[in-house]
Amino acid sequence: MSAPFQLTSSDPNVIDPVGLAADTHEWIEAVVPGGVHETLIAAGIIAHPYVEDHEKDCRWVEDRAWWYRGTVPIPAGDDPLVLTLTGVDTVADIWVNGHHVGRHANQYRPFQVTLPPIDANKAKVLIRFAPPLDGLAEPPATRAMVNAVSDFLNAAAPQNLDAEPGSGILTLDLAATRRRKGMFSWGWDFAPRIPSIGLTGPVELTRRSPIEVSHHVDTMAIGDGDSADVNVVVSTVHHDGPAPCTVDVTLTSPDGDRVSGHAQFKHGSATVDLQLDNPQLWWTHDLGKPSLYQVDIKICDKDANTIATDSGMAGIRTIEVDCSPDTDDPEIDGPARHFTFIINGVPVFARGANLVPQSMLPGSVTPQQDHDLVRACRDANMTMVRVWGGGVYASDAFMTACDEYGILVWHDFMFACIDYPGDDEEFMSEVRTEADYQTRRLANHPSLALWAGGNEVQAMHQAVWNNLNPGPWGSEIFDEVLPEAVRRNSPTVNYWANSPATDVDTDPRVNGTRAGDRHAWEVWHGADVGAGTHEDYSSPAEAMHYHRYSYDTGRFISEFGIHASADLPALGRWLGNDHLNLDDPILLARNKDTPKAKGMALIDYEVGKPTSVQSYVTYSQVVQAEGLKFGIEHYRRRWPHCAGALVWQLNEPWPGMTWSLLDHDLGAKPGYYATARAFAPALSILRLTDDSLEVWVSNARPTRVTDTVTVTIEGFDGSIDQTHRVKVSVPASTSQMVWSVPRAQIPVNGSHYIWVEGSVLPANRLFLTRIGDLNLPEAHLDVKVDVTEPTTATVTVATTTFAYFVRVLTPWPGARPDISALDLRPGTKAVVTVTGLPEGFDPDEITVRHFLDDVDR
């Protein structure tokens, strides 16, 4: 743990520590790890910025200088003393016993310095944090780029919707491009402006070992599953000068089997080649077990004395990205290329979501929160998380949880949406150091599947300037600095220039459909961003509707999403129940997207116009759930031509109105459950075209799926018009159409729906018109609640009529049912397990609602 620290502030012009210890400065106990905001909240000086409209009340914090002081124990020993600030956010000067020992200006790496000898058992550490953007000017080229982006987006966006100033990504402070700090700090279309400041990790004094050791494990090849060639690269720094030594490496499997090897060297690095017989491979959780090996390293001198050790965990796996030509996609003309992740030789349809920072105050995020978030991904059948480039790098705890749960990680470097000052040498030096540090830090995680240069930087630059020519806008970062760091420190992990990016010889358009990955924002934003405009839209809402996904022929969809509200208890917790009115400015301020009317227009078009907060919550959740279901099923149907669907976004950094599947309290929105069902490893998909009704089976499993599914055309009144039984046998890693009938045989109206279900393949449903036009019956639910554990209940729901959008609701934010947003057909029931309830909860406060309960009559 870090030593206790105290905090005070001063005018930013005060840069000399002399006099700060005087009585004129009030010092308060600092929250470490944490930050300035967390400390001020704990001291009662500011209200929590997530509550009501207090985000604006803490704006002054970023304009002050903040000083930490503490006394840190000095460990015994004679080796040199090292001071480490494990989390520095962001611009800091550091003094030890009154001597200035260094300056730091990068949120993305620690500060470390070797100190002269101190003849004492404690050291006084003083740290001054300057305002994060202090002394920086916005790059003129970046200002020109942003002005052009604004003109571009204004021209492309639907013109019938009123835009509100003061929100969205174009309002960020452009001087931030010169500072290595999360761009989301300055406000985004899902986040407020609350730039964090302070010590986000412990402050430590340690003794430097004569030999510092690190390692990374690279799986070079897997031979038909019965052997694996593994390289363990051991790197050393000999502070007393090079000397002959031996490195011994042992890998221990989960079952206790061991394989060892050794090498001799003097300094630098040594590679130990190992061959494993019958290795226990690391797989994603749907393809096998994410097996992990214990790695033990011992370094001995020439007399066989152990002089240094190192250890860790590693997974035996190969991961590559197949970008080979795709010559048989029936939905496009001309050349195309795959973009498919291959793990241990098996093609993967990546099913997942985009991770944004879990808090505007990243020092507050605990390892348990990281673990819980990854577990929620696993529970939703996700196999990949993309760490978005406008936030912060994934923590060790998050990556370890991905290793253990079998979740692949696509990791952006932290650059987003804008040109960067590649001609600023101080900035570029920081980028090089950061890239080297982060690629070394994450190299041993078997979950790490891809490093990407950043988020939408190339796409924005090309959209504005119509080229990706080398220049001082960041091209050197993405073309040289970052890929070199990946090759040096993580050589078996692929590098991708950006998200999205392309193979220019196949498709010169970044965010096109023929090569690379794409961000599918035609839906929601209503403008063509690369998939093409395929029809005339009668309104902005129709142009942004999720049916537009059906025209997307992209190779890998790394972003797509739809807004939805959190449930009322979560809103009430942060906003206060008095502000739960549709026109309340505090509620409206939770939506940082612009124009805000987009969401309401889409809801009105698909469901109807909400007139209360309850109907708004339900309608927005319906649109998100149905839209994501539709999009995922379209992309999965195109497998293997499309090889991934990553929802925007998994989580949110504050309690806002966002695209997230999980609210800020990790409560699951209905879209989370719809996504989980659509991400089932093997899935039946119902598709209605202009010509026919089709049943497809998408099989992401490593083995053939064989089943008999029953397709029924049913009326909401309980009648069954048609029944068809279809034998299914679909190979691994593909999607196939298994049955169809002419559209003319289908009653396409609001009184019918299509149902498909097998014994292996889970049930699925297709509505034949918009939600607002469905002739849904009044549902009468029979509900029984049983308390099973102190924080767990089982809810049994039965119905004699069709019930749409059945949800188990509680008044406690963060409590989570295992299934929700259900269709219940006549004579069926569901058993729902709710976890995360408070001890001593009243089961009578658990309720069950369906869609018509919340419809404005």
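Numbers here simply count residues along the sequence, with the first being 1.
Between the R548 side chain and the A543 main chain, a donor and an acceptor come within less than 3.5 Å of each other. Between the side chain of K598 and the backbone N or O of G526 there is no donor-acceptor pair closer than 3.5 Å. Within the 3.5 Å criterion, the main-chain N or O of V61 finds a donor-acceptor partner in the side chain of W66. Here the side chain of E522 pairs no donor or acceptor atom with the backbone of Y549 at under 3.5 angstrom. Using modelled atom types, no side-chain atom of H519 and backbone atom of E456 make a donor-acceptor pair closer than 3.5 Å. A donor-acceptor pair is defined here as one N or O able to donate and one able to accept, closer than 3.5 Å; such a pair exists between the side chain of N651 and the backbone of V356. Between the side chain of N455 and the main chain of G389, no donor-acceptor pair closer than 3.5 Å is present. Under the 3.5 Å distance criterion, the side-chain polar atoms of Q624 are matched with a main-chain donor or acceptor of W659. Checking side-chain atoms of D823 against main-chain N and O of Y804 turns up no donor-acceptor pair under 3.5 Å. Of the possible polar contacts, one joining the T8 side chain to the E26 backbone as a donor-acceptor pair under 3.5 Å is found.
With sequence neighbours left out, R677 forms a salt bridge (charged side-chain N to carboxylate O under 4.0 Å, His left out) with no residue at all. When the side-chain contact (heavy atoms from CB on, under 4.5 Å) test is applied to S185, the partners found at least two apart in sequence or on another chain are K181, P195. Partners of E38 according to the side-chain contact (heavy atoms from CB on, under 4.5 Å) rule, which considers only residues two or more places apart in sequence or in another chain, are V31, L361, S364. For P610, the side-chain contact (heavy atoms from CB on, under 4.5 Å) partners two or more places apart in sequence, or in a different chain, are M600, I603, S615, Y616, Y619, D856. The side-chain contact (heavy atoms from CB on, under 4.5 Å) test applied to A47 returns H54, not counting sequence neighbours. Applying the salt bridge (charged side-chain N to carboxylate O under 4.0 Å, His left out) criterion to E652, with sequence neighbours excluded, gives no partner residue. For R180, the salt bridge (charged side-chain N to carboxylate O under 4.0 Å, His left out) test picks out E434, with sequence neighbours left out. Under the salt bridge (charged side-chain N to carboxylate O under 4.0 Å, His left out) criterion, E62 pairs with R59, R193, not counting sequence neighbours. Among residues two or more places apart in sequence or in another chain, the ring-ring contact (aromatic ring centres under 6.0 Å, His included) test is passed with F415 by Y420, F478.
Ion pair K669/D663 not flagged as a salt bridge, since none of the NZ, NE, NH1 or NH2 atoms sits closer than 4.0 Å to an Asp/Glu carboxylate oxygen. We find that E626 and R765 are joined by a salt bridge, their nearest charged nitrogen and carboxylate oxygen being less than 4.0 Å apart.
Under the 4.5 Å side-chain criterion, counting only non-hydrogen atoms from C-beta, Y546 is not in contact with L628. Proximity of R179 to V91: side-chain heavy atoms (C-beta onward) are separated by under 4.5 Å at one or more points. Residues I632 and V647 are in side-chain contact: their nearest non-hydrogen atoms beyond the backbone lie under 4.5 Å apart. At least one side-chain heavy atom of V783 sits under 4.5 Å from a side-chain heavy atom of V795.
The shortest non-hydrogen separation linking P192 to M360 is O-CE, 3.2 Å. Considering every non-hydrogen atom in both L355 and F398, the closest pair reads CD2-CZ, 3.7 Å. A pairwise comparison of heavy atoms in F805 and R807 identifies O-NE, 3.1 Å as the closest pair. Minimum heavy-atom separation, Y673 to P817: OH-O, 2.6 Å. Of all non-hydrogen atoms in W186 and P132, the two that sit nearest each other are CH2-CB, 3.6 Å. Summarising the geometry of I194 relative to C58, their closest heavy-atom pair is CG2-SG, 4.4 Å, with the distance given to 0.1 Å.
Taking CG of L575 as the start and CZ of R590 as the end, the distance is 4.5 Å to the nearest 0.5 Å. Taken from CG in L666 to CG in L650, the straight-line distance is 8.5 Å, to the nearest 0.5 Å. The distance from the CD1 atom of I46 to the CH2 atom of W60 is 6.5 Å, given to the nearest 0.5 Å. To the nearest 0.5 angstrom, D584 atom CG is 9.5 Å from E52 atom CD. Put simply, CG on D593 and CE on M657 are 12.5 Å apart, with the number rounded to the nearest 0.5 Å. Separating the CZ atom in F767 from the CG atom in L774 is a distance of 5.5 Å, to the nearest 0.5 Å.
T200 and D89 are not linked by any side-chain donor-acceptor pair at a separation below 3.5 angstrom, with hydrogens and angles left out of the test. Using a 3.5 Å distance cut-off with no hydrogens or angles, the side chains of S620 and H563 do not pair a donor with an acceptor. No hydrogens or angles considered: a donor-acceptor pair under 3.5 Å links the side chains of S359 and Y50.
Among pairs with a residue in residues 360-381, those fulfilling salt bridge (charged side-chain N to carboxylate O under 4.0 Å, His left out) read D372-R375, at least two apart in sequence or across chains. Residue pairs that meet the salt bridge (charged side-chain N to carboxylate O under 4.0 Å, His left out) test with at least one member in residues 779-794, sequence neighbours left out, are K784-D786.
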Just list the side-chain donor-acceptor pairs under 3.5 Å for residues 835-848, sequence neighbours left out, or say none.
from, atom 1, to, atom 2, distance (Å)
T835, OG1, R816, O, 3.4
D842, OD1, D844, N, 2.9

Quick one, V387 with D412, criterion side-chain contact (heavy atoms from CB on, under 4.5 Å). Give me CA distance, side-chain angles, the key distance, then yes/no. CA-CA 6 Å; V387 181; D412 288 0; 5.8 Å; no
Give the C-alpha distance, both sets of side-chain angles, the deciding distance and a yes or no for side-chain contact (heavy atoms from CB on, under 4.5 Å) between H850 and V797. CA-CA 11 Å; H850 60 87; V797 187; over 6 Å; no
Begin with the C-alpha distance, continue with both residues' side-chain angles, and end with the deciding distance and a verdict on side-chain contact (heavy atoms from CB on, under 4.5 Å) for M544 and I562. CA-CA 10 Å; M544 68 181 68; I562 296 172; over 6 Å; no
Evaluate the criterion side-chain contact (heavy atoms from CB on, under 4.5 Å) for residue pair V613 and L582; output intermediate values, then yes/no. CA-CA 6 Å; V613 167; L582 284 179; 4.3 Å; yes
Working for side-chain hydrogen bond (donor to acceptor under 3.5 Å, both in side chains), residues S196 and H37: CA-CA 7 Å; S196 54; H37 292 84; over 6 Å; no
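Paired with W388 under the rule ring-ring contact (aromatic ring centres under 6.0 Å, His included), one option of W410, Y393, F190 passes, and it is F190.
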